[in-house]
Amino acid sequence: MICRDRASSYAEGARTGAPDAIQVADRFHLWQNLATAVERLVAKHKGRLVEHPTTATFGAKEASEEPQGAMAQRRRAHYALVYEMLAQGAGFRQIARHLGWNATSAQQWSLSRHPDGRSDSSPYAARAQLQSM
């Protein structure tokens, strides 16, 4: 069995080198094929889509809800830990070593107001607020 990408030269090489082998696509290219097919389908039928007035209200309500799940909890814990360590006087490198991150990531999280790591419209506002404590 040969796992390969979509290039015809790879298919030809596989047929030449192992004519009895079964050729399969790798996971990345299967996902890529699926994404391409979905994109084409949506583009073909986008004229049929109708926007309902309740869609805007539903999107706004959904955006204000807190993310749930293990990843969201881990992000909130990291956020709290970064701010706790900053309040204790730790530097970005020390925080990064503690969390297994690089210093840039620690700095970016310290400039964020959101537990999920998204930057605020004013990224320095959170840092200034922390320093004024």
Side-chain angles (χ1 to χ4, degrees):
M1 186 171 286
I2 297 174
C3 182
R4 64 172 183 84
D5 71 6
R6 302 184 299 177
S8 58
S9 57
Y10 288 121
E12 183 181 331
R15 277 192 303 274
T16 304
D20 296 330
I22 298 171
Q23 297 184 34
V24 295
D26 59 27
R27 186 181 305 167
F28 169 80
H29 289 93
L30 288 174
W31 278 110
Q32 189 177 35
N33 290 345
L34 177 63
T36 302
V38 168
E39 189 176 328
R40 285 182 187 156
L41 183 68
V42 169
K44 182 178 177 182
H45 296 286
K46 73 178 180 180
R48 294 182 179 185
L49 297 174
V50 177
E51 187 171 334
H52 295 285
T54 57
T55 306
T57 355
F58 178 73
K61 184 177 181 181
E62 188 176 290
S64 66
E65 293 178 4
E66 285 283 322
Q68 301 299 318
M71 183 182 283
Q73 289 174 352
R74 190 168 49 249
R75 286 181 178 212
R76 284 191 285 273
H78 284 161
Y79 176 79
L81 185 57
V82 166
Y83 271 86
E84 180 182 331
M85 290 181 77
L86 281 171
Q88 293 173 0
F92 297 132
R93 288 184 185 152
Q94 186 179 1
I95 295 169
R97 275 193 304 272
H98 182 74
L99 292 171
W101 296 350
N102 62 34
T104 305
S105 294
Q107 183 178 13
Q108 288 173 345
W109 276 71
S110 74
L111 297 176
S112 171
R113 278 196 182 172
H114 304 284
D116 64 358
R118 291 178 291 145
S119 293
D120 190 21
S121 58
S122 172
Y124 300 102
R127 180 73 175 182
Q129 180 183 12
L130 181 65
Q131 289 175 342
S132 68
M133 294 175 139

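Side-chain atoms are counted along with the backbone in the values below, which use heavy atoms only and exclude waters and symmetry mates. Computed from a predicted model, the values in this text were never measured in an experiment. Residue indices begin at 1 and follow the sequence shown.
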Enquirer: Just how far is it from atom NE2 of H29 to atom CG of L34, taken to the nearest 0.5 Å?
Expert: 14.0 Å
Enquirer: If we ignore angles and hydrogens, is there a donor and acceptor under 3.5 Å between the side chains of S105 and N102?
Expert: yes
Enquirer: Within the 4.5 Å heavy-atom criterion, are I95 and L81 side-chain neighbours or not?
Expert: no
Enquirer: Working to the nearest 0.5 angstrom, can you tell me the gap between L41 CG and T36 OG1?
Expert: 12.5 Å
Enquirer: For a 4.5 angstrom cut-off between non-hydrogen side-chain atoms, does Q23 reach R15?
Expert: yes
Enquirer: If I take atom NE2 from residue H78 and atom CG from residue L99, how far apart are they, to the nearest 0.5 angstrom?
Expert: 5.5 Å
Enquirer: Run through the side-chain heavy atoms of Ile, Leu, Val, Met, Phe, Trp and Tyr, join any pair under 4.5 Å, and report what else lands in F28's cluster.
Expert: none
Enquirer: Are V24 and M1 close enough, and set up right, to give a side-chain contact (heavy atoms from CB on, under 4.5 Å), and what steps lead you there?
Expert: CA-CA 7 Å; V24 295; M1 186 171 286; 4.1 Å; yes
Enquirer: Can you pull out every side-chain hydrogen bond (donor to acceptor under 3.5 Å, both in side chains) where at least one residue sits in residues 90-101? Sequence neighbours excluded, please.
Expert: none
Enquirer: Once you round to the nearest 0.5 Å, how far does CD1 of I22 lie from SG of C3?
Expert: 12.5 Å
Enquirer: Identify whether W31 and V42 are in the same connected component of the hydrophobic contact network (ILVMFWY, side-chain heavy atoms under 4.5 Å).
Expert: yes
Enquirer: Is any side-chain heavy atom of L86 closer than 4.5 Å to one of F92?
Expert: yes
